[in-house]
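The structure appears below as C-alpha cells.
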2 protein chains.
Amino acid sequence: MIRIIIADDHRLLLEGLAQALDGIPDLEVVATANDGAELIEAVDTHQPDVVLLDIEMPKLTGIQALRKLPDGGPATIMVTMHTDDDQRRRAQTAGAVGFLSKATPLPDLAAAVRAVNAGHNLLTADDPDEVMDDHRQPVLDEGAAALTAREKELLQLLASGVTSTEDLSDRLFISHKTVKNHLANIYEKLAVADRAQAAVEAIRLGLHRKDQ
Amino acid sequence: MIRIIIADDHRLLLEGLAQALDGIPDLEVVATANDGAELIEAVDTHQPDVVLLDIEMPKLTGIQALRKLPDGGPATIMVTMHTDDDQRRRAQTAGAVGFLSKATPLPDLAAAVRAVNAGHNLLTADDPDEVMDDHRQPVLDEGAAALTAREKELLQLLASGVTSTEDLSDRLFISHKTVKNHLANIYEKLAVADRAQAAVEAIRLGLHRKDQ
DNA sequence: CCAGCCATAGGACGCGGGACCCATTCTCCT
DNA sequence: AGGAGAATGGGTCCCGCGTCCTATGGCTGG
C-alpha cells in the first residue's frame with residue numbers, strides 16, 4: 001500500500017483526486033493539504049511515501065514547499081496546469097522526481113506514483129514512458145478479464161438492479177435458459193456463488209457505469 | 001437521482017470529480033467530456049439534469065459550448081480556475097445558472113448541483129448562500145432513512161458480498177428466520193424485491209464502506 | 001402504564017435460482 | 001479443414017429464497 005499526500009488549493013481537484021486514488025487497490029491517500037504550510041505539517045505527521053504537489057498555490061508555492069521538505073523525504077511529483085519547461089527545470093532542481101500535467105489520465109498518474117515509489121526518477125530517466133509502462137497494472141483481475149462482451153452486458157444490468165432471470169431475458173432478448181447459462185459462466189469466472197455477489201463484484205470492478 | 005455530465009480538459013480533475021460525485025447517494029455522473037465538442041454530443045446522448053462546465057477548454061471554450069447547448073436543456077454550472085466578474089457576467093448571458101471556483105469544497109458543489117436541479121438560478125438569486133444551504137443535505141430516500149441499526153448491519157454485510165442466509169445468520173449470531181425477517185423489512189423500506197437489488201442499493205447509499 | 005417499535009424466532013408454502021446435463025449455430029484462428 | 005470458444009436454447013432436480021402469519025421479550029416515549 002503506497003501512502004500518498006496530495007496538496008492543491010483547488011478543493012474540487014483535491015477531494016476528487018483523493019477519492020479516485022483511494023479507489024485504486026494499492027494506493028492510499030493518508031492526508032490532503034490546501035496550501036504549502038499544511039503540506040509541510042501533514043508530511044511531518046504522516047510520513048507518506050509519495051507527495052503530489054500543485055505548483056500554483058497561495059501562501060507557499062509548490063516549488064517553495066518542495067524546498068522545505070526534508071532531504072530523503074517522500075518522493076514528490078509536481079502536478080501542474082500548464083506544462084512549462086522552465087518550471088519543469090526548477091521543479092527538478094528543487095528535488096522533484098516527477099512532473100505531470102493536470103490533463104494526465106488517472107491511470108498514468110497511478111503508474112507514475114508507483115514508479116517514483118519504486119525509486120525511479122521520471123525527470124532523469126532515459127525513457128520515462130517505458131518506466132511508466134512497467135508500473136501500469138491491469139485494472140481488472142484475470143477472472144474479470146476473461147468475461148465476454150455478452151457477460152459484461154448481463155453484469156451491467158445486474159449491477160443496475162435488474163436481478164430476476166425474467167427481467168434479464170427480456171432486456172437481452174434471449175431465453176431464460178441462456179440467461180442462466182451466462183450467469184453460471186459469470187459465477188465461475190468471478191468466483192462468486194450467486195447473482196447478489198456477482199452484482200457486488202460487478203460494481204467493484206466498475207462495470208456498472210457506461211457501456212463496454 | 002440527479003444525472004450529471006462533467007466537462008473539463010484536465011483529466012485528473014475530471015476523473016477524480018466524477019468518482020467523488022458518484023459517491024454521493026443522490027448524484028450520478030452519467031458521462032464525462034474532455035472538450036466542448038464531446039460535451040455537446042454527450043448531452044445529446046444522455047440528456048443530463050445538470051452540466052458542470054469548465055470555462056477554459058481547448059477547441060471549444062466553456063462559454064462557446066454553453067451557447068451551443070439547446071434552450072431548455074440541462075441546468076449548467078460553470079466551473080473555473082480564477083473567479084473573474086467579467087467571465088461571470090458572460091457565463092450568465094450565455095445561459096449558465098451557476099458559477100463556482102475550482103477551490104469550492106465538494107459539499108458546496110453538491111449543494112449547488114441540487115439547487116440548480118431544483119430550478120434555482122444561483123446567479124440571479126437574492127441570497128445564493130441561503131439557497132445553497134437549503135440543499136446541503138442529500139435528500140436520502142425516506143425508505144433508507146427508516147432503516148434500523150440492525151438492518152444497516154445486515155446491509156453492510158450484503159454489500160460486502162455475504163449473501164446467503166446461512167452466512168448472514170452466522171455473522172450476526174441470529175437464526176435464519178430472523179435474517180429473513182430483517183431482509184423482508186429491508187426489501188419493503190428500500191422498495192426492492194430481492195437481496196441482489198438490496199446489495200446494489202446499499203452500495204449506492206454508501207453503506208458498504210466503514211461503519212455508520 | 002401501556003402502545004408501539006425493534007429484535008428475536010418459528011411454521012408453511014410455492015416459485016425461482018443454481019447445479020449439472022445436453023445440443024446447435026457462428027465466428028475466428030490455426 | 002478442423003478446433004476452440006461464444007451465444008443461443010433446452011431439460012431436470014432440489015434447495016434456498018421470498019411471502020405470510022404468529023409470537024415473545026425488551027426498550028422507549030407519551
Side-chain angles (χ1 to χ4, degrees), chain A residues 138 140-205 207-208 211-212, chain B residues 140-205 207 211-212:
Chain A
L140 305 176
D141 37 303
E142 40 180 302
L147 290 169
T148 69
R150 199 61 162 158
E151 286 162 359
K152 285 181 189 170
E153 274 185 72
L154 206 158
L155 273 174
Q156 277 180 253
L157 286 174
L158 252 193
S160 69
V162 181
T163 57
S164 76
T165 302
E166 170 112 34
D167 290 347
L168 288 167
S169 67
D170 284 351
R171 295 290 207 96
L172 294 171
F173 306 106
I174 53 182
S175 86
H176 296 191
K177 304 297 182 178
T178 308
V179 168
K180 295 179 85 171
N181 284 336
H182 284 316
L183 282 172
N185 294 329
I186 289 171
Y187 297 160
E188 177 152 14
K189 289 180 183 176
L190 296 186
V192 298
D194 56 42
R195 58 191 74 197
Q197 287 179 4
V200 171
E201 189 67 7
I203 293 175
R204 195 185 70 75
L205 293 170
L207 265 53
H208 57 311
D211 34 333
Q212 218 229 109
Chain B
L140 284 183
D141 345 16
E142 40 185 297
L147 290 169
T148 69
R150 198 61 162 159
E151 287 161 359
K152 285 182 189 168
E153 274 185 73
L154 206 158
L155 273 174
Q156 277 180 252
L157 286 175
L158 251 193
S160 69
V162 182
T163 55
S164 76
T165 303
E166 171 110 35
D167 290 348
L168 288 167
S169 67
D170 285 350
R171 295 290 206 96
L172 294 171
F173 306 106
I174 54 182
S175 86
H176 295 191
K177 304 296 181 179
T178 307
V179 169
K180 295 180 81 172
N181 285 335
H182 283 316
L183 282 172
N185 293 329
I186 289 171
Y187 297 160
E188 177 152 14
K189 288 181 183 177
L190 296 186
V192 297
D194 56 43
R195 62 191 71 199
Q197 287 179 5
V200 171
E201 190 66 7
I203 293 174
R204 194 183 72 75
L205 292 170
L207 265 52
D211 39 328
Q212 256 280 355

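Computed from a prediction, not measured in an experiment: that's the story for all the values here. Chain A is the first sequence line, chain B the second, and so forth, proteins listed ahead of strands; every chain is numbered from 1.
Under the side chain to side chain contact (heavy atoms under 4.5 Å, CB included) criterion, A:D170 pairs with A:E166, not counting sequence neighbours.
Side chain of B:Q197 to backbone of B:A193: a donor-acceptor contact under 3.5 angstrom is found.
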Could you tabulate the donor-acceptor pairs under 3.5 Å formed by side-chain atoms of residues 176-183 of chain B, not counting sequence neighbours?
residue	atom	partner	partner atom	Å
B:T178	OG1	B:S175	OG	3.4
B:N181	ND2	B:K177	O	3.4

With side chain to side chain contact (heavy atoms under 4.5 Å, CB included) as the test, would you mind laying out the steps for A:R195 and A:L168 before giving the verdict?
CA-CA 12 Å; A:R195 58 191 74 197; A:L168 288 167; 4.1 Å; yes

Side chain to side chain contact (heavy atoms under 4.5 Å, CB included) between A:L207 and A:L147, intermediate numbers included:
CA-CA 11 Å; A:L207 265 53; A:L147 290 169; 4.2 Å; yes

B:V192 vs A:T163, side chain to side chain contact (heavy atoms under 4.5 Å, CB included): CA-CA, chis, key distance, verdict:
CA-CA 10 Å; B:V192 297; A:T163 57; over 6 Å; no

Taking it one step at a time, do B:T148 and B:K189 satisfy side chain to side chain contact (heavy atoms under 4.5 Å, CB included)?
CA-CA 10 Å; B:T148 69; B:K189 288 181 183 177; 3.8 Å; yes

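Chain B approaches DNA chain C over the interval C:dC6 to C:dG11, counting the first and last nucleotide 5' to 3' with an atom under 4.0 Å from its heavy atoms.
In this structure, A:L154 atom CG and D:dA6 atom C1' are separated by 14 Å, rounded to whole Å. Atom NE2 in A:H176 sits roughly 11 Å away from atom P in D:dG9 (whole-Å rounding). What separates CZ of A:F173 from C1' of D:dG9 is a distance of 17 Å, to the nearest Å. Remark: C1' of D:dG5 and CD1 of A:I186 are 16 Å apart, rounded to the nearest angstrom.
For the helix from C:dC1-D:dG30 to C:dT30-D:dA1, the angle separating the two terminal helix axes comes to 50°, with each axis derived from five pairs and the value rounded to 10°.
Within 6.0 Å of the CZ atom in B:R171, the count of heavy atoms belonging to other residues, nucleotides or ligands does not exceed 12.
B:L155 and B:A198 make their closest contact through CD2-O, 3.8 Å (heavy atoms, listed as atom of the first residue, atom of the second, distance). Across B:A199 and B:A159, no two heavy atoms sit closer than the pair O-CB, 4.3 Å.
Of the options B:E151, B:E201, B:R150, a side-chain contact (heavy atoms from CB on, under 4.5 Å) to B:I186 is made by B:E151 and by none of the others.
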Close N or O pairs between protein and nucleotides 16-20 of chain D (under 3.5 Å):
residue	atom	partner	partner atom	Å
D:dC17	OP2	B:T165	OG1	2.9
D:dG18	OP1	B:Y187	OH	3.1
D:dG18	OP1	B:R195	N	2.9
D:dG18	OP2	B:Y187	OH	2.9
D:dG18	OP2	B:R195	NE	2.9
D:dG18	OP2	B:R195	NH2	2.5
D:dG18	N7	B:K180	NZ	2.9
D:dG18	O6	B:K180	NZ	3.1

Please produce a list of atom pairs where a protein N or O lies less than 3.5 Å from an N or O of nucleotides 24-30 of chain D.
none

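OP1 or OP2 of D:dA6 has not a single side-chain nitrogen or oxygen of A:T148 nearer than 4.0 Å. In terms of phosphate contacts, A:S175 brings a side-chain nitrogen or oxygen within less than 4.0 Å of OP1 or OP2 of D:dG9.
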